[in-house]
Participant: 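If you scroll down you'll find the structure; I have some questions about it.
Just the heavy atoms: all of them, side chains too, but no hydrogens, waters or symmetry mates, feed the values below.
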Amino acid sequence: MMENAAVAIEYRNVSKCFKGAGYNAVDDVSLSINEGEFITILGSSGSGKTTLLRMTNRLLDPDAGNIILFGENICDANPVQVRRRIGYAIQQVGLFPHMTVAQNIAVVPKLLKWDKERIDNRVRELTELAGLKPDEFLHRYPAQLSGGQQQRIGLARALAVDPKIMLLDEPFGAIDAINRLNLQDELKRIHGGLKKTFLFVTHDINEALKLGTRVAVMNEGRVCQFDTPENIAKNPADGFVESLIHSCRQQEKFWEGLV
Amino acid sequence: MQEIWGNIVLYFENNMDAYFNMLQQHISISFRVLVISIIIGFPVGVLCVVFKKRQKMVIRMFQILRIIPSLAVLVLSIRFLGIGTGPAVVALSFLAIPPILMNVVAGLEGAPPFMLEAAKGMGMTPLQVWLRVRLPLALPLVLAGIKTAMVEIVASATIAALIGAGGLGQIIFQGLSVRRTELLLIGGVSVAIISILSVLILDLIDRFFQRYKRYKLH
């Protein structure tokens, strides 16, 4: 981890309770994330991991606590301005079917009124970064892409205006195992080259430990442990983390039994 | 058969001007009705989606209007609006608004929530989400609604001749009263042709806006 790195994201006692629910979906979470880190948030469904992510770009507002991005408390900021500075990718990708690949990537640059030449150059650059040939793909519609290709474009679109922070909500959740491994490697490569802060939500422990420079394990709205993958594997903080590691080991045994 | 054909030729030889006059009236009534029903149906549909609570009430009201046969609407409208082209246009609009309105609502509500969420998450303002994502995605269904309305308008405009609106219905009603088959054929086939042509034109527009749907993964 970098010394003296700026704090990119800080959650201060953040809680969120959905209407009608008797419990907190996110319960008094405090985390401090440095610039350039690749943070994975690991948890099962209902653990509050997606809620925490969606509060970071103000798709949801916390009921208590503050979220500070690079020293700015976003709870007081204009949500639209906050979102334009943050990359956002989701499992369903959400490419707009009536726009070509190029138009999809250009959405946020156009919102920010970039000139045409700058947009064109950026679109080509990003398509290449996502591992696809611009001349072959730019004029296609999303329906003409495979699931993996769509998610590559989804990531390119999220990176379009070079945001310092990227929020990724199970982006590889619907992709087959082989493509997922490739995409994980490429995401790691992209992160390494850009020095951005990535926040990656997943329920897959292997994915979380493989990608994260640090991993936040969440259960029932709380962060059980926030540490490097090595430390989590060696010293699980509580019974829940231990049971996660245990489930992984079980799988290993199952594989050994097969071979 | 030979005789009917001869009569048809004879009709056109003697009544060319009158025929084109009625044809033009028919198209002009249909077009005016279509424009009015889009101008009313589209925004009301949008409002129905924005103010969800009132939506069911408004749609139900228009559905009831739709159940009433077009002939009854036209005859009833004489009482309130009198006779002539104007009243016919108003009455026919009541029939054409429901399919447009309902398809606007269905199209706008059909946008997948995650896609709207993605648009919002990227930093679109609520208005931008509507203009750049929600409306374009609804367009195919909106056009389908306009197509349905168009067919209904062209057909019902025939009956509008009954309340003095003119149009090709005049030929048909004349044929009915004097029992001349060739007049029924001329009127009926002309209406059918206008109907088919208008659907073809709308299909072309439809294709242009839906070109992204024609591509399939190879």
Participant: Is it the case that atom OH in Tyr11(A) sees more than 12 heavy atoms from other parts of the structure closer than 6.0 Å?
Facilitator: yes
Participant: Would one find more than 12 heavy atoms of other residues, nucleotides or ligands at under 6.0 Å from atom CD1 of Ile178(A)?
Facilitator: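 Count not over threshold, so no.
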Participant: So with a 6.0 Å cut-off around CD of Glu136(A), is the heavy-atom count from everything else above 12?
Facilitator: yes
Participant: CD1 of Ile83(B): more than 12 outside heavy atoms within 6.0 angstrom?
Facilitator: no
Participant: Is it the side chain or the backbone of Arg157(A) that comes within 4.5 Å of chain B heavy atoms, both, or neither?
Facilitator: side chain
Participant: Does any backbone or side-chain atom of Arg54(A) lie under 4.5 Å from a heavy atom of chain B? Answer side chain, backbone, both or neither.
Facilitator: side chain
Participant: My understanding is that only residues two or more places apart in sequence, or in another chain, count here; which of them pass ring-ring contact (aromatic ring centres under 6.0 Å, His included) with Phe42(B)?
Facilitator: none
Participant: Quick check on Tyr19(B): does its OH atom have over 12 non-hydrogen neighbours (other residues, nucleotides or ligands) under 6.0 Å away?
Facilitator: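 Yes.
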Participant: What heavy-atom pair brings Met115(B) and Pro97(A) nearest, and what distance separates the two atoms?
Facilitator: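 Where Met115(B) meets Pro97(A) most closely, the heavy atoms are SD-CD, 3.5 Å.
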Participant: Hey, which residues of residues 119-135 of chain B are touching chain A, say heavy atoms under 4.5 Å apart?
Facilitator: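 Near chain A, by residue number: Ala119(B), Lys120(B), Gly121(B), Met122(B), Gly123(B), Met124(B), Thr125(B), Gln128(B), Arg132(B), Val133(B).
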Participant: Indicate the atoms forming the closest heavy-atom contact of Ala118(B) with Gly94(A), along with that distance.
Facilitator: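 So the two residues come closest at CB-O, 4.1 Å.
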Participant: Counting only heavy atoms closer than 4.5 Å, note whether Leu167(A) contacts chain B via side chain, backbone, both or neither.
Facilitator: neither
Participant: I need the minimum non-hydrogen distance between Gln92(A) and Phe114(B), along with the two atoms involved.
Facilitator: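 Distance-wise, the nearest heavy atoms are CB-CD1, 3.4 Å.
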Participant: Nearest 0.5 Å, please: how far is CG in Leu59(A) from CD in Glu117(B)?
Facilitator: 5.0 Å
